[in-house]
Chemist: 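I'd like to ask you about the structure that follows.
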Amino acid sequence: MRSAMPDRFLRAAVTRALPATLAAGSLLIGAVPAAVAAATPAAVAGSGPVVLTGQQLAASWTGPLSTRGRYIVDAKGNRFKLKAGNWDGAQSHYLGSGDASDPADNQAGEVSNNIPMGLDRTPIDKILADFHALGLNTIRLPYADAMIDDEGTVPDSAMAANPQLKGKTPLEVYDAVVKALTTDGFAVVLNNHTTTYHWCCGLDGNERWNKGQSTEKWEDDWRFMVNRYKDNKRVVGADLRNEVRRDGTDDPNWGWGNDKDEYAAFEDIGNKILEQNPDVLIIMEGINWQGIPQGMFPHGRPMLTPVRTLSNTLIESDKLVYSAHFYGFTGPNHTGASGGWQNGETNDPRYRDLSPEDLVKAVNDEALFVTQSGQHFTAPVWVSEFGTAGRGQTDAKEKDWFHRFTDILVNNDTDFAIWPLVGWADGNGTPNDNWAALAYAADGKRTGLEDTGDWRTADWNKLVNANGKTGQVAQVNHWNMLATNVADEDASATMRLKGDWSHGNRKGSCPDSERLIALGRGNGTGLCTDADQPAKDDGSWTTVTDERYVTHGDWAGGYNKLECPENSFAVGFSNDGGSMRALVCAPSAEPLPTKGRDVWFDHGDNRPASGGSTASDWAAGYYKGQCADGEYLAGVGFTWKWNEHGVPDVLLCRPLN
Ligand SMILES: *[C@@H]1O[C@H](CO)[C@@H](O)[C@H](O)[C@H]1NC(C)=O
Ligand SMILES: *[C@@H]1O[C@H](CO)[C@@H](O)[C@H](O)[C@H]1NC(C)=O
Ligand SMILES: *[C@@H]1O[C@H](CO)[C@@H](O)[C@H](O)[C@H]1NC(C)=O
Ligand SMILES: *[C@@H]1O[C@H](CO)[C@@H](O)[C@H](O)[C@H]1NC(C)=O
């Protein structure tokens, strides 16, 4: 969420954070731009979005959604590009001090009453019609965890324009909004935005998924939410947590294996959600901020950069979507604050300061590279927040950035979501928050992005009308990495049912639709694929820990060997600090060839010239051995001699047919 905190709150945060640890997250401060210029609503002629009715939108796609390579597709395999907006409010606009019901203590003077914005002013059908008129097909619906346990009812005044919702709790209102949106054809993404009811993204106690509450509570809450909407196939995604960032003292990390490891926590909860509801997309946003925002300390926005060498593997290989947020007033290393170092402003360029080439490069490096095909990390990337002030915008750089950024989204055919969709306007039609795509006055009168007087109209129309891929998307092979050096990575639903199947060792197993095809020479890294995947037989899987199945000759004399039983192929392994302990083998439905070849990688990489993930590194820092796409991994050789500690040295690769 775009941070825009009043000085009062900022000063408190800085006082708390200084001097030793100037917390970056607390200081992502954008100026609250003064709203100006009243406007009379009137449709912009010509190039506006194609406006569908609810029925037309509903008929245009079928849930649930899944992924094919970099594209999200519907249940029929047709491209479904997320053309989305953030309908916020259920996470609250409260700024954290003073009276939550006093506009002065809320973002942009707008009291959300912990429900989606605008329901006090406009009938929900009208709001949805306005979403259609923006050309949207998806709504990201932020909420606070607090909503789940909140038994208080929403004040009647908050439902003045929607009396049918009077007397409901915030969660019941959220339910009603989800129902109305999905009945009207929209896809809904549940977005775990904050823990407490709070306008996001300062030092507000909501920095990390387990800040102020346990990871278990986070998981329980997610299970509750995905079960609640399980039967509604237009509730398409679980957006795990908004803008994970540094709190006062600690950075979140990607792959350190501790309790601040976002990579491991997201994967764990993603799998638990899929076990409850295998239909939802699991949406993982990268790390929004790390470090102390001062010249002498490293600081910045890693976003998805660590995914290049450490990507996630879920039990369902077609459900992972990555996401990232971009605002012009922030930067790759800029907090977004203004007002000097005391306010957390750093001496780094903002995105809007970057040259066109540098902006493209930054957006690629931090996010869009993930869409490159055939890599371990390949997935759709959803820019689930971006935006800028419309009416009254005076910053030429900010306008220029918005032109250029929407060009990047168009050129890359990128899934997107504007922040925010709905705000308030005064009686003259002047928005409280001029970032909102739709602002409603107390009497319901709209001042919107498509109404005269908003300079963003042309860019928005360009974006929603962009030519991109449509229709059927071909199935693609998957390449998923196992990084048991970080944590157990048991991505096989079958093996997960077996619990601790290699006691005392780190366990890695491929999604049930894939097999093991490669290993790194140390610390338990591996690669899975479904290229030319053989059908599995119903028989039981074997966890091999000795040489009893080495029955077709000694293919690595003098080395220890783990070999799969005849007619089975490797789907997982366990190790202890990189030393091989077990190979997991699944039976093939058809007999498999028994003649193979050795792939040695004890003195260098041995990977096929073409094939899976050859342009990306799934075991950074280690030699890698990889079978060809048309082969299966039948055995692993290793040794304890020469101080080699039992790390893999050679693979036995055999053709699939
Ligand atoms: C949302 O995330 C917060 C913080 O990460 C967590 O405490 C909460 O349990 C989550 N709630 C849901 C419903 O996912
Ligand atoms: C800028 O941020 C990136 C990504 O977090 C980081 O790799 C880089 O070291 C940062 N630069 C500085 C000067 O802190
Ligand atoms: C995104 O588009 C830019 C041009 O705006 C291009 O240079 C870049 O390679 C594209 N990135 C990806 C990942 O396709
Ligand atoms: C291998 O893993 C161990 C334990 O996690 C770690 O201490 C070591 O640095 C890792 N080695 C490499 C080369 O990454």
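We count ligands from 1, going down the list as the structure has it; atoms in each ligand are counted the same way. Predicted, not measured: the structure shown is a model, and the values here were computed from it.
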Chemist: How about N333 and R301: does a side-chain donor come under 3.5 Å of a side-chain acceptor?
Modeler: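 Note: N333 and R301 side chains miss the donor-acceptor criterion.
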
Chemist: Can we say K469 and D413 salt-bridge, meaning some charged N sits less than 4.0 Å from an Asp/Glu carboxylate O?
Modeler: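 No salt bridge links K469 with D413.
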
Chemist: Other residues, nucleotides and ligands only: do more than 12 of their heavy atoms fall within 6.0 Å of NZ on K361?
Modeler: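 Open.
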
Chemist: May I ask you to decide whether D617 forms a salt bridge with K624, counting only side-chain N to carboxylate O separations under 4.0 Å?
Modeler: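 Yes.
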
Chemist: Check whether NZ of the Lys or CZ of the Arg R234 lies under 6.0 Å from the centre of the six-membered ring of W61 and within 45 degrees of that ring's axis.
Modeler: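 Yes, R234 and W61 form such a contact.
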
Chemist: Side chains of K83 and D415: does their closest heavy-atom pair fall under 4.5 Å?
Modeler: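 Not in contact.
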
Chemist: Which of the numbered atoms in ligand 3 are under 4.0 angstrom from any heavy atom belonging to N412?
Modeler: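 What qualifies from ligand 3 is 1 (C), 2 (O), 3 (C), 8 (C), 10 (C), 11 (N), 12 (C), 13 (C), 14 (O).
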
Chemist: Go through ligand 3 atom by atom and flag the ones less than 4.0 Å from a non-hydrogen atom of L368.
Modeler: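 Once the distances to L368 are compared, the set is 13 (C).
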
Chemist: Does a side-chain N-to-carboxylate-O contact under 4.0 Å join D353 and K397?
Modeler: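 Answer for the salt bridge query: yes.
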
Chemist: Show the atoms of ligand 3 that are less than 4.0 angstrom away from any heavy atom in N411.
Modeler: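 Those of ligand 3 that fall under 4.0 Å from N411 are 2 (O), 4 (C), 5 (O).
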
Chemist: May I ask you to say whether E345 pairs ionically with R350, meaning some side-chain N is under 4.0 Å from a carboxylate O?
Modeler: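 Yes, this pair counts.
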
Chemist: N/O of N364 under 3.5 Å from N/O of ligand 3, yes or no?
Modeler: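 Yes; the residue has a nitrogen or oxygen that sits under 3.5 Å from a nitrogen or oxygen of the ligand.
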
Chemist: Show me the short polar-atom pairs for ligand 2: any N or O of it lying under 3.5 Å from a protein N or O, with distances only.
Modeler:
unit_1: ligand 2; atom_1: 2 (O); unit_2: N333; atom_2: OD1; d: 3.4
unit_1: ligand 2; atom_1: 2 (O); unit_2: N333; atom_2: ND2; d: 2.4
unit_1: ligand 2; atom_1: 11 (N); unit_2: N333; atom_2: ND2; d: 2.8
unit_1: ligand 2; atom_1: 14 (O); unit_2: H299; atom_2: N; d: 3.2
unit_1: ligand 2; atom_1: 14 (O); unit_2: H299; atom_2: O; d: 3.2
unit_1: ligand 2; atom_1: 14 (O); unit_2: N333; atom_2: ND2; d: 3.4

Chemist: Heavy-atom contacts with T371 under 4.0 Å: which atoms of ligand 3 show up? List them by number with element.
Modeler: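 Result: 13 (C).
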
